[in-house]
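See below for the structure under consideration.
Start at 1 and go down the list; that is how both ligands and their atoms are numbered. Keep in mind the model is a prediction, meaning the values are calculated, not measured.
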Amino acid sequence: MTFEVKKICCIGAGYVGGPTMAVIADKCPYITINVVDLNQERIKLWNHSDLNKLPVYETGLDRLIERCRGKNLHFSTKIRENIEEADMIFISVNTPTKNKGLGAGKASDLKWVEGCARDVAKFAKGHTIVVEKSTLPVKTAEAIKIILTAAQKSSNSEKKISFDVLSNPEFLAEGTAIKDLEKPDRVLIGGENINAINSLSKIYGNWVPKNKIIHTNIWSSELAKLTANAFLAQRVSSINSIAALCEKTGADVREVSKAVGTDSRIGCKFLNSGPGFGGSCFKKDILNLVYIANHFGLKEVADFWENVVDFNTFNQTRISQLIVKKLFGTISGKKISILGFAFKANTNDTRESPAINICKDFLEEGAHLSIHDPKVSSLQIEKDLGIEEQKTTQSNLASEGSWCFKEKITDAIEGADAIVILTEWDEYKKLDWDKVSTLMRKPSWLFDARGIISKINIEKTNLNFWSIGDGSL
Ligand code: UDX
Ligand code: ADP
C-alpha cells in the first residue's frame with residue numbers, strides 16, 4: 001500500500017530545495033510542488049522572469065524552471081497554506097554549525113529544522129509524510145518525530161492529524177546538481193513505515209531504476225549521509241597531504257593520483273589536490289560525526305575524523321604562507337590577482353570556500369587583492385571577507401590590505417605581482433599565459449593552487465610558476 005501524493009510542499013528554497021524540487025516537478029507532472037521560504041527576496045528571484053537571476057546557479061536548472069514554473073512548480077512565502085494542503089513535506093532548510101552554546105563549533109544548529117517541525121505540527125491536516133532532506137546529524141528525525149507526535153496527541157477529533165517521518169538525504173554536488181538528481185548513484189530512504197517509504201520510492205521510481213532506491217532504517221540513512229561526505233572529504237585531505245610531500249620530494253601529485261586511482265579498490269575520483277575542501281557539507285558533516293562520537297564516549301573515533309578537518313585548515317595556511325615566502329617574504333603593498341572565489345567551479349556558492357581564509361591571510365599581510373570569479377558577486381565576497389571593497393586602486397605603498405572585484409580577467413591581472421588560481425574554472429585553463437605575463441609587474445608569479453595549468457604552457461613565458469604538488473618545479 002502507498003499513500004497517494006498529489007501535493008508536495010518543500011520548506012527551504014536553497015541550494016538543496018530548489019534544484020531537487022525542480023527535478024521532481026519535471027519528472028512527475030502529476031504532482032503539484034510548492035517551494036516555500038521565509039526569505040522573500042529569495043522567492044522573488046526564483047520567480048524572476050530573467051532566468052539568469054535565479055538565486056542558485058546550476059547547469060540545466062534554468063531549463064527545468066522554464067519548463068515547470070507556474071505549471072506544477074511554484075515558489076512562494078505562503079508557508080501555512082502550503083503546509084496545510086500538502087500530502088508530503090520536504091524539510092530543506094539550512095543547518096549550519098552552531099557558533100555558540102552547547103556543541104559550539106561542532107554540532108549543527110537545528111533551530112531552523114525545529115522551527116519547520118513546529119510549523120508542520122501547527123498547520124498540517126490529515127496524514128502527512130515529513131521527509132528530512134537537509135544534511136542533519138544522526139537522531140534529528142527523532143527530534144522531528146517528538147514534536148510531531150506531541151501535536152498528533154493533542155489534535156482534537158475534527159482536526160485529526162498524523163505523521164510519518166522519513167530520512168531522504170541529498171547526495172547532489174553543487175555544479176552537477178541536476179545531473180546528480182536526474183541520474184543518481186542511489187536514492188536513500190530511511191524510515192519505519194513501509195507504506196510511507198513506498199510512497200516516496202514511487203515518486204523517485206518515475207526516473208530512478210528500482211535497484212538504485214535503497215531502503216534502510218532511519219538512523220542508518222542519517223549516518224550513511226554523514227559517512228559518505230566524511231569519506232569523500234578524507235580522500236581530499238589525503239591527497240592534499242601527499243601533495244605537500246610531493247613538493248618536497250620531487251614527485252608530481254597528478255602522477256601519483258593517476259597511479260593510485262587506477263587501483264579499482266581505490267578508484268580515480270576525488271583525488272585532485274587543491275587548496276582544500278569547501279562547501280556547506282564536508283566540514284559540517286565531519287564535525288557532526290566528531291560531536292556524536294564524543295557524545296557516545298568514542299574519543300578516538302572523534303579524534304580520527306577531526307584530524308581530517310584540521311588538516312584541511314593547515315593546507316590553506318600552508319598555501320598562503322608559501323606564497324608569501326616566494327614573494328620575498330612580504331606581500332605588503334603588492335598586487336595579487338585572485339582567480340576564483342567559489343568553493344569549486346560551476347557554482348556561485350562560497351560557503352567554506354578555501355579562498356576566504358587564503359584571501360584573509362593575504363589581507364592581513366597588507367596585500368591589495370583584485371578578485372575575479374565568473375559567478376560570485378562582489379557583495380558576497382564583501383560578506384565573506386568582512387572588509388569593504390576598495391573600489392579605487394590602492395597605491396602600492398598603502399600598507400593596509402585591500403581588495404576590489406574585477407569583472408574581466410585581464411583587469412584583475414593588470415599590474416599584478418602574482419596570480420593565484422583558487423577555483424578550477426574552465427576559462428582560467430584557456431588563458432594565453434604569454435599574453436598574461438606581459439600585463440603583469442616583473443618579476444611575476446603564477447601560483448596554481450588547483451593544478452589546472454600545464455607547465456608546458458608556462459615554459460615559454462617569463463612567469464615564475466608554482467603548481468600544487470609538483471615537486472619538479
Ligand atoms: C558534497 C557531496 O559531494 C555531495 O554528495 C553532498 O550531498 C554535498 O556535499 P559539494 O560540497 O557540492 O558536494 O561538492 P564536492 O564536489 O563534493 O566538492 C567538495 C569540495 O572538495 C570542493 O571544495 C572541491 O573543490 C573539493 N575537491 C573535490 C577537491 O579538492 N578535490 C577533489 O578531487 C574533489
Ligand atoms: P541548503 O544548502 O541546505 O539548501 P540554503 O541556506 O541554501 O541551504 O537554504 C535554506 C533555506 O531555508 C533558506 O533560504 C532559508 O531562508 C530557508 N528557511 C530556514 N528556516 C525556514 C523556515 N522555518 N521556514 C521556511 N524557510 C526556512
**Study point:** Proximal ligand 1 atoms for E170, defined as those under 4.0 Å from one of its heavy atoms
**Key:** 7 (O)

Check your understanding: Under 4.0 Å from ligand 2, counting heavy atoms only, is it the side chain of I79, its backbone, both or neither?
Key -> side chain

Exercise for review: Check I11 against ligand 2 and report side chain, backbone, both or neither, counting heavy atoms closer than 4.0 Å.
Suggested key: side chain

Check your understanding: Taking heavy atoms and a distance under 4.0 Å, where does R351 meet ligand 2: side chain, backbone, both or neither?
Key -> side chain

Practice item. Mark the output for R450 as yes if a heavy-atom distance to ligand 1 is under 4.0 Å, and as no if none is. Key: yes

Review point. Should you measure from each heavy atom of G14, which atoms of ligand 2 turn up under 4.0 Å away?
Key: 4 (O), 5 (P), 7 (O), 9 (O)

Review point. Charged N to carboxylate O below 4.0 Å: is that the case for K430 and E427?
Key: no

**Study point:** N/O donor-acceptor pair under 3.5 Å between E222 side chain and A141 backbone
**Key:** yes

**Study point:** Residues K225 and E132 bridged, charged N to O under 4.0 Å
**Key:** no

Study note, to complete from the structure: Of E174, R351, K344, the one whose closest heavy atom lies nearest atom 14 (O) of ligand 1 is K344

Exercise for review: Please work out whether the ring planes of W445 and F447 are parallel, tilted or perpendicular, with thresholds of 30° and 60°.
Suggested key: parallel

Review point. For R42 and ligand 2, does the shortest N/O to N/O distance drop below 3.5 Å?
Key: yes

Review point. In the protein, which heavy atom is nearest to atom 6 (O) of ligand 2, and how far is it?
Key: N94 CB, 3.5 Å

Review point. Considering distance alone, does some N or O of N39 sit under 3.5 Å from an N or O of ligand 2?
Key: no

Review point. What do you reckon, does K225 put a non-hydrogen atom under 4.0 Å from ligand 1?
Key: yes

Point to revise | Region of C281 engaging ligand 1 - heavy atom pairs below 4.0 Å | key: side chain

Exercise for review: Classify the ring geometry between H372 and Y428 as parallel (under 30°), tilted (30 to 60°) or perpendicular (over 60°).
Suggested key: perpendicular

Check your understanding: Would you call the rings of F231 and W305 parallel, tilted or perpendicular, where under 30° means parallel and over 60° means perpendicular?
Key -> parallel

Exercise for review: Give yes or no for whether the N/O distance cutoff of 3.5 Å, strictly under, is met between D37 and ligand 2.
Suggested key: yes

Exercise for review: Kindly confirm or rule out a cation-pi arrangement of R186 over F171, judged by NZ or CZ under 6.0 Å from the six-membered ring centre and within 45° of its axis?
Suggested key: yes

Point to revise | Heteroatom distance test (V16, ligand 2): nitrogen or oxygen, under 3.5 angstrom | key: yes

Point to revise | Lys/Arg cation over aromatic Y57: K375, 6.0 Å, 45° cone | key: yes

Review point. Looking at S92, which atoms of ligand 2 are within less than 4.0 Å of one of its heavy atoms?
Key: 10 (C)

